[in-house]
J.: 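What follows is a single structure, and I will ask about it in a moment.
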Amino acid sequence: MITDARVLQPEFTPQEVEHRNQEVNVLSNALKPIMNQEPGETTLLLGPSGAGKTCIARFTTERLRENVLDINSQYINCWQDYTRFRVLYRILEGIGQTVDIHRRSTPKDELLDRLCNYDGPHYVIILDEVDQLEDKSVLYDLYQMRGLTAILITNREEDLFSHLDDRLTSRFESSVRVNFDKYHLDELVSILEARARWGLSERAIGRQQLALIADAAAGDARIAIGILRNAARQADQQGTEMITTDIVEGAVPDGRAEVRRKAAEKLRKHQRVLFEILTDEGEMKPGELYDEYCRRVDDPKTKRTVRNYLQKMEHYRLIIADGKKRARTYRPRTDLS
DNA sequence: TGTCCACTGGAAATCCCGGGAT
DNA sequence: ATCCCGGGATTTCCAGTGGACA
């Protein structure tokens, strides 16, 4: 059934992309100066999750590499590397300069010094989920580095700019923007078709079943591919050669639950307790939530810390915060699209 | 309309931990 | 073994805000 599991993985970057020619062209043009040894333009990729932003950033960078003899590139997900230190570290890692870095011997400004003195081949970095950075000052650092072009990815422009100071905001105002929309149903179907062709045995799944997956994914390619992956896995386990409608229907909730489970796995004990309370109780006011939290753990954190946790969980799309100030309530997220 | 105050979120202080230095 | 340092996590402090209610 599954002939090549890689193409069903979320991080797989295909050789050809579909339905995103316009976006690829804009990004390619922004990077074009690199072909003449000049810095490319800073680019912002905006749009909902699963719209192909990460994929197109990687694809275009890869294509640039094929056209330019010598270029370095690095992909950094700010969800995982959310501090200034870690981002700088990753950037150095991309040019193999981290061997002798230790906290004691190399204060973080030395990381920056080293990057500023970098004079190797042109360097393209992709900062994914850049709104998740806790210390946005690293973006300012990027501007001080020569021979470096940044591609920034975020869901909504406001998420990024609301926490930037004026100095940074004005720098970004001139950057190139590329807006991504959700995929249409037929676009998703053809994306799935391609993945099925590359990764599954022939006639493993019919067009009708692919359409069913595309419909359930509601424009999100990541979810669509996740459902396909789950369906193929289940068919494998059952020993059948065809992914039937029944199997797809069984795989839909799993495909969605997987996204949620992955996020929930990242939660630590106290955050998990908060999440469980909201799952048990439904919508709650902040005060009630905190009281219940104190009852369930023996070493409660302060209210302020709990607010930070809740904020983070909202970013993870695990919970929803409604209302402002006094009228705020928290509830678990159930739709997950 | 005005006052009250539960709540938010920024900033700064402080705690805590790991790892090099002595 | 102990000290010291930097960085992340947490706490402390507090100004600001907008519903609730008279």
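Below, read A as the first sequence line, B as the second, and so on, with proteins coming before strands; counting in each chain starts at 1. Remember, it's a predicted structure, so these values are computed and weren't measured experimentally.
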J.: Considering every strand and a 4.0 Å limit on heavy-atom distances, what is the contact class for A/Y309: base, sugar-phosphate, or nothing?
T.: sugar-phosphate

J.: Using whole Å, what does the distance between atom P of nucleotide B/dA6 and atom CZ of A/R326 come to?
T.: 6 Å

J.: Considering only C/dT12, B/dT8, C/dT10, which nucleotide approaches the side chain of A/K325 most closely?
T.: B/dT8

J.: May I ask you to verify if any side-chain N or O of A/K301 is less than 4.0 angstrom from the OP1 or OP2 atom of C/dT10?
T.: yes

J.: Could you tell me how far apart A/K303 (NZ) and C/dC13 (C1') are, to the nearest whole angstrom?
T.: 15 Å

J.: Is any side-chain N or O of A/Y82 closer than 4.0 Å to OP1 or OP2 of C/dG7?
T.: no

J.: Should A/R328 be listed as having a side-chain N or O under 4.0 Å from OP1 or OP2 of B/dG9?
T.: yes

J.: What is the distance, to the nearest angstrom, from the CZ atom on A/R86 to the P atom on C/dG8?
T.: 7 Å

J.: Go through the structure and list residues passing ring-ring contact (aromatic ring centres under 6.0 Å, His included) with A/F12, not counting sequence neighbours.
T.: none

J.: Round to a whole Å and report the spacing from CE of A/M313 to P of B/dT8.
T.: 14 Å

J.: Mind calculating the distance between NE2 (A/H270) and P (C/dA9) to the nearest angstrom?
T.: 14 Å

J.: Nearest whole angstrom, please: distance from the P of C/dG7 to the CZ of A/R84.
T.: 9 Å

J.: From C/dG18, C/dG8, B/dG9, pick the nucleotide closest to the side chain of A/F85?
T.: C/dG8

J.: Between A/T302 and C/dT11, does any side-chain N or O lie under 4.0 Å from OP1 or OP2?
T.: yes

J.: Between B/dT8 atom C1' and A/L289 atom CG, what is the distance in whole Å?
T.: 14 Å

J.: Could you check whether the rings of A/F85 and A/Y89 sit parallel, tilted or perpendicular, using 30° and 60° as the cut-offs?
T.: parallel

J.: Specify the separation, in whole Å, of atom NZ of A/K324 and atom P of C/dG18.
T.: 7 Å

J.: Search all heavy atoms of A/E18 against all heavy atoms of A/A194 and return the closest pair with its distance.
T.: OE2-CB, 3.7 Å

J.: Taking NZ, NE, NH1 and NH2 as the nitrogens, is one of them in A/R296 or A/E292 under 4.0 Å from a carboxylate oxygen of the other?
T.: yes

J.: Anything under 30° is parallel, anything over 60° is perpendicular, the rest tilted; go ahead and classify A/Y309 against A/H270.
T.: tilted

J.: State whether A/Q311 places a side-chain N or O below 4.0 Å from either non-bridging phosphate oxygen (OP1 or OP2) of B/dT8.
T.: no

